[in-house]
Amino acid sequence: MAKDKTGSDKALTKRGATALPDHAPASSPSEIAAFLSAAKAVVPAAAGSGRLAFALDATMSRQPTWDSACKLQAEMFDAVDKSAALSVQLVYFRGLGECRASRWVNDTRQLSDLMTRIDCRGGQTQIGRVLRHVSDEAKSKPVSALVYIGDAMEEDIDKLAVVAGELALRKVPCFMFHEGHDPAAAVGFREIARVTGGAYVRFDQNAASELAALLRAVAAYATGGRPALEKSGGSAARLLLEQLGPGKPGGGGTSRP
């Protein structure tokens with residue numbers, strides 16, 4: 001994994017991949033500079049806090065709901081007990097091979113600022129790189145959970161399941177939020193959630209309030225585990241608890257239709 005020269009933002013490198021050709025479309029220097037400039041201002045998270053990886057598909061099909069995702073990301077922590085520390089890392093992919101991760105931060109408004117500097121680009125999904133990155137992060141320090149929001153999956157599910165198994169060994173449940181009705185994504189997201197002991201939920205792009213409630217429930221889980229999720233109450237928490245299973249840190253369970 002290559003670390004950007006700023007030391008504040010990581011460009012994730014695909015294992016075994018060759019370099020992209022020089023003529024491949026990429027972010028313009030000004031766009032990259034804008035993102036990195038904002039990343040440099042991000043204050044690293046304090047040690048000892050719960051850690052939540054927040055991953056987004058930023059390919060072109062997500063453009064219609066990207067602004068909504070930016071807003072929800074900021075709102076998802078409203079239900080978290082203010083005495084409980086939660087640090088978050090933003091991970092996103094887009095275009096031909098671009099996949100980046102921010103620092104771990106406590107002030108999620110800073111991540112919102114970063115997200116506003118990202119526009120969606122055409123390209124295939126890079127879910128495997130996201131899972132691998134979070135698995136690597138969990139090697140050095142525990143990661144409480146991974147939230148992933150996307151609408152498609154264009155990768156080999158068997159290969160993704162192998163990396164998901166590594167996340168399961170490191171006790172990182174994946175909460176897979178599926179926008180739309182793509183059947184391949186439904187199968188793949190469900191399997192990743194099952195293997196890691198997380199949860200799968202499909203949502204409609206018009207159900208912003210529903211997704212916001214689900215994200216707040218995951219944030220509560222990331223700071224205090226199952227007890228915090230049970231305490232948070234509400235239909236979103238109940239939906240996730242059904243899949244996590246009775247008294248278990250994870251368990252897959254039955255996916256929502």
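None of these values were measured; they are calculated from a predicted model. Residue numbers run from 1 in the order of the sequence given.
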Colleague: Report the distance from atom OG1 of Thr223 to atom CG of Leu52, rounding to the nearest 0.5 Å.
Modeller: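 Result: 9.5 Å between the selected atoms.
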
Colleague: Less than 4.5 Å apart, any side-chain heavy atom of Arg202 and any of Phe177?
Modeller: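 No. Closest side-chain heavy atoms not under 4.5 Å.
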
Colleague: CD1/Ile127 to CD/Glu155 distance, rounded to the nearest 0.5 angstrom?
Modeller: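 So the CD1 of Ile127 and the CD of Glu155 are separated by 5.0 Å.
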
Colleague: Considering non-hydrogen atoms only, spot the tightest contact between Leu240 and Ala217 and give its length.
Modeller: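 Smallest interatomic distance, heavy atoms only, reads CD1-CB, 3.8 Å.
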
Colleague: Before we go on, tell me: are the rings of Tyr221 and Phe175 under 6.0 Å apart, centre to centre?
Modeller: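 Tyr221 vs Phe175: aromatic centres under 6.0 Å.
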
Colleague: To the nearest 0.5 Å, what is the distance between OG (Ser232) and CG (Leu241)?
Modeller: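 These two atoms lie 7.0 Å from each other.
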
Colleague: How long is the gap from CE on Met153 to OG1 on Thr125, to the nearest 0.5 Å?
Modeller: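 Going from the CE atom of Met153 to the OG1 atom of Thr125 covers 7.0 Å.
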
Colleague: Any side-chain heavy atom of Leu146 within less than 4.5 Å of one from Phe54?
Modeller: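 No. Closest side-chain heavy atoms not under 4.5 Å.
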
Colleague: Tell me if a side-chain donor or acceptor on Arg51 pairs with a main-chain N or O of Glu137 at a distance below 3.5 Å.
Modeller: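 Indeed, once roles are kept as given, a pair shorter than 3.5 Å links the two residues.
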
Colleague: Can you tell whether the side chains of Arg94 and Asp57 come within less than 4.0 Å, N to carboxylate O?
Modeller: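 Judged by the 4.0 Å cut-off on N to carboxylate O distance, Arg94 and Asp57 do not form a salt bridge.
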
Colleague: With distance as the sole test, does Gln89 use its side chain to make a donor-acceptor pair with the main-chain N or O of Ser102 at under 3.5 Å?
Modeller: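 Answer holds: yes.
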
Colleague: Using a strict 4.0 Å threshold on nitrogen-to-oxygen distance, state whether Glu98 and Arg121 make a salt bridge.
Modeller: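 No, this pair does not count.
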
Colleague: Would a 4.5 Å heavy-atom cut-off, applied to side chains only, mark Asp151 and Asp182 as touching?
Modeller: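 With C-beta onward as the side chain, the pair stays apart.
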
Colleague: Can you name the closest pair of heavy atoms from Ile157 and Gly188 and give their distance?
Modeller: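 Minimum heavy-atom separation between Ile157 and Gly188: CD1-CA, 3.6 Å.
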
Colleague: Quick one: does any side-chain atom of Thr59 pair with a main-chain N or O of Gln124 as donor and acceptor, under 3.5 Å?
Modeller: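 Side chain of Thr59 to backbone of Gln124: no pair is present.
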
Colleague: Could Arg226 and Glu230 be called an ion pair, given the rule that one side-chain N must be under 4.0 Å from one carboxylate O?
Modeller: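 Salt bridge between Arg226 and Glu230, a charged N being under 4.0 Å from a carboxylate O: yes.
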
Colleague: If you take all heavy atoms of Gly198 and Leu244, which pair is closest and at what distance?
Modeller: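 That would be O-CD2, 4.1 Å.
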
Colleague: Do Phe189 and Tyr148 have ring centres separated by under 6.0 Å?
Modeller: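 Yes - the distance between ring centres of Phe189 and Tyr148 falls below the 6.0 Å cut-off.
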
Colleague: Less than 4.5 Å apart, side chain to side chain, heavy atoms only: is that true for Val134 and Arg170?
Modeller: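 Heavy-atom side-chain distance check fails, nothing below 4.5 Å.
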
Colleague: How many angstroms lie between atom NZ of Lys141 and atom OG of Ser87, to the nearest 0.5 angstrom?
Modeller: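 So the gap between those two atoms works out to 6.0 Å.
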
Colleague: Check whether any side-chain N or O of Asn106 sits under 3.5 Å from a backbone N or O of Leu86 as a donor-acceptor pair, and report yes or no.
Modeller: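 Yes; at least one donor-acceptor contact below 3.5 Å.
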
Colleague: If I compare all heavy atoms of Val130 with all of Cys99, which pair ends up nearest, and what's the gap?
Modeller: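 Closest pair (atom of Val130, atom of Cys99, distance): CG2-SG, 4.4 Å.
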
Colleague: Taking side chain as C-beta onward, heavy atoms only, is Val91 less than 4.5 Å from Leu56?
Modeller: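 In short, these two side chains do not touch, never coming nearer than 4.5 Å.
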
Colleague: Any side-chain heavy-atom pair from Arg132 and Glu166 closer than 4.5 angstrom?
Modeller: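 Yes - at least one pair of side-chain heavy atoms lies under 4.5 Å apart.
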
Colleague: Between OG1 of Thr196 and CD of Glu191, what distance do you get to the nearest 0.5 Å?
Modeller: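 The OG1 atom of Thr196 sits 9.5 Å away from the CD atom of Glu191.
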
Colleague: Is there a donor-acceptor pair closer than 3.5 Å between any side-chain N or O of Gln243 and the backbone N or O of Tyr200?
Modeller: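 Yes, Gln243 side chain to Tyr200 backbone: donor-acceptor pair under 3.5 Å.
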
Colleague: With the side chain counted from C-beta on, respond yes when Leu90 and Val88 share a heavy-atom pair under 4.5 Å apart, and no when they do not.
Modeller: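 When only atoms from C-beta onward are counted, Val88 and Leu90 do not touch, as no gap falls below 4.5 Å.
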
Colleague: Would you say Ile192 and Leu167 make side-chain contact, with heavy atoms under 4.5 Å?
Modeller: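 Sidechains of Leu167 and Ile192: no contact.
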
Colleague: Between Gln126 and His133, does any side-chain donor sit less than 3.5 Å from a side-chain acceptor?
Modeller: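 Not at all, the side chains of Gln126 and His133 share no donor-acceptor pair under 3.5 Å.
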
Colleague: Got a donor-acceptor contact below 3.5 angstrom from the Ser144 side chain to the Ala222 backbone?
Modeller: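 Judged by distance alone, yes, a pair lies under 3.5 Å.
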
